[in-house]
Amino acid sequence: MAEFDVDLFVIGAGSGGVRAARVAAGHGAKVAIAEEYRVGGTCVIRGCVPKKLLVYGAHFAEDLADARRFGWKVPDCEFDWKTLRDNVLSEVTRISGIYGETLENNKVEVIHERATVAGPHEVKLASGRTVTAKYILVATGATPAIPDIPGKELGITSNEAFNLEAIPKRIVIAGAGYIANEFAGIFHEFGARVTLVNRTNVILRGYDEQIRDRLLQISSGKGINFKFDAEIERIEKQEDGSLLVYIADDDPIACDAVMFATGRQPLTNLGLENAGVELNDRGAIKVDDDNRSTCESIYAVGDVTDRIQLTPVAIREGQAFSDTVFGNKPHRVDYDNVPSAVFSHPPMAGVGLTEGKAREKYGAIKVFTSDFRAMKNVLAGRNERALYKMIVHPETDVVLGLHMIGPDAPEILQAAAVAVKAGLTKQAFDDTVALHPSMAEELVLMR
Ligand code: NDP
């Protein structure tokens, strides 16, 4: 008789958990995975995927307006939120189904129940059943962190945004990070009056300052309101169903919805203490470079470890875990030069060091910029300038960072990130002939 029921028990069928389960099973391990909600996790069900589809849907507001300048007779169009919402939700169901099929095809047992850790090798299911495992992988992700203020229950988070009955006429978004800026763009394009309220005067902390400033300038120009250095004190419901958001030393803001986009906290309420799994000061599971927790048989990947909260990173961590533990192919995730993007309107994207970080590290770095209006925007009469920035090592000429805002910036940056990751020099960019006319050609024309 086997010592354990399974070789690997994965808690959480999101991006990291599904990858780990599938790969471990491929290496011959007997694997079970528990998911209390739907297979796919945040990215597929209530994150990247439906968000990106809403971004596409929202951008038609600008495309339809621009089309008239390109000679198209566009009648006055109406936007029907429920059509988009329901189409997006059925696409989510389709992708979730594919994830489920992948697990089944790899002979992973999928358990649709909440699972908690009962000991170093034991998992307890909501039904009362216990399963023993040689290894347990925690891949439970994170959940929106909501400030503890009176009336917080009147607000929504990005989780609920995909299921709204209607687009609110006026929405206050708390926070100024990824989710706040992405949803500010989405709601604004759908016709809502959007006010972003942030506790500091910084949007998208961590991104290059000039690129952030450009987004702020463009977003403000479009009519998105920003309130900085503003703490929300409480939210009250009015008799007519609308809300009043009270901010210290300022007039309250009247709105129809409040969305909290104030960070995400790791989901660790799982009985981890039963196995001596320690958390760090941010409440995330402490792991070593091989994703192993302070309990030898328990590992963790993805947002629950709060290293870089991005889907492709969680997927790589899941892959590295399973290859190392079950595949006899040990490897680790390389966290250098991880590209990222914000799907705002226009989007921004970056890889490597920002100008500020590069100066801190190397002193007098070289900075090349291209500040231009995309051809399409010129003809459309859209006064919206793109900005590309290249940060270069002063002696070696190696490109240390690339940051951009403008149409299709994430698509362009992904390709250019290969060059940055490969340690190419500015000269290598300059040696590449421009592809004309394109926006991306600016990358090889920076002088
Ligand atoms: P972010 O960390 O991006 O932004 C959080 C925002 O909330 C900041 O403006 C921060 O202010 C503010 N804030 C934090 N704590 C509080 C608090 N207690 N009270 C009031 N304000 C607060 O988080 P998001 O929620 O936007 O997104 C979570 C994570 O999900 C991101 O960090 C990212 O890793 C991932 N994500 C990635 C996306 C992508 O790849 N495109 C899209 C969406 C999410 P300040 O910084 O000024 O202190």
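Just so we're clear, the structure is a prediction, and the values are computed from it rather than from any experiment. First listed ligand is number 1; within each ligand, the first listed atom is number 1.
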In the protein, which heavy atom is nearest to atom 12 (C) of ligand 1, and how far is it? N198 OD1, 3.6 Å
Nearest candidate to atom 48 (O) of ligand 1, where distance is taken over non-hydrogen atoms, out of R199, E182, M348: R199
Under the side-chain contact (heavy atoms from CB on, under 4.5 Å) test against I298, which residue among L137, V117, I11 passes? V117
Residue and atom name of the nearest protein heavy atom (relative to atom 7 (O) of ligand 1), distance in Å to one decimal: T262 CA, 3.2 Å
Please identify which atoms of ligand 1 are closer than 4.0 Å to at least one heavy atom of K51. 41 (N), 42 (C)
Closest to atom 6 (C) of ligand 1 by heavy-atom distance, out of A349, A180, A261, P339, is A261
Kindly confirm or rule out an N or O of Q309 lying under 3.5 angstrom from an N or O of ligand 1. yes
Taking the six-membered ring of F162, is the NZ or CZ of R46 close enough (under 6.0 Å from the centre) and on axis enough (within 45°)? no
Suppose we measure from atom 19 (N) of ligand 1 to each protein heavy atom; which comes out shortest, and what is that distance? P147 CG, 3.8 Å
Ligand 1 to T200, heavy atom cutoff 4.0 Å, flagged ligand atoms 45 (P), 47 (O), 48 (O)
R214 and E384 ion-paired at < 4.0 Å: no
Salt bridge present between R212 and D208 (N-O < 4.0 angstrom): no
Protein residue, atom and distance nearest to atom 46 (O) of ligand 1, heavy-atom basis: R205 NE, 2.9 Å
Does the side chain of R38 come under 3.5 Å of the side chain of T93 through a donor N or O and an acceptor N or O? yes
Per-atom contacts of ligand 1 with R264, taking only distances under 4.0 Å to non-hydrogen atoms: 28 (C), 30 (O)
Under 4.0 Å, heavy atoms only, figure out whether ligand 1 is touched by the backbone of I179, its side chain, both or neither. both
Give the intermediate values and the outcome of salt bridge (Lys or Arg N to Asp or Glu O under 4.0 Å) for residues E35 and R114. CA-CA 6 Å; E35 172 56 56; R114 177 169 166 75; over 6 Å; no
Regarding K51 and the six-membered ring of F183, is the cationic atom NZ or CZ under 6.0 Å from the ring centre and inside 45° of its axis? no
Closest by any non-hydrogen atom to atom 9 (O) of ligand 1: pick that one out of C48, A176, P144, A341. A176
Numbering as shown, the atoms of ligand 1 that approach L310 to under 4.0 Å (heavy-atom distance): 37 (C), 40 (O)
Do ligand 1 and G263 have nitrogen or oxygen atoms that lie under 3.5 Å from each other? yes
Ring centroid separation for H188 and H345, is it under 6.0 angstrom? no
Which protein non-hydrogen atom lies closest to atom 3 (O) of ligand 1, naming both residue and atom, and how far is it? Y178 N, 3.1 Å
Heavy-atom nearest neighbour in the protein, as seen from atom 4 (O) of ligand 1, with distance rounded to 0.1 Å: G177 CA, 3.3 Å
Do T354 and R359 pair up side chain to side chain, a donor and an acceptor below 3.5 Å, judged on atom types alone? no
Backbone N/O of L216 and side chain of S219: donor-acceptor pair under 3.5 Å: no
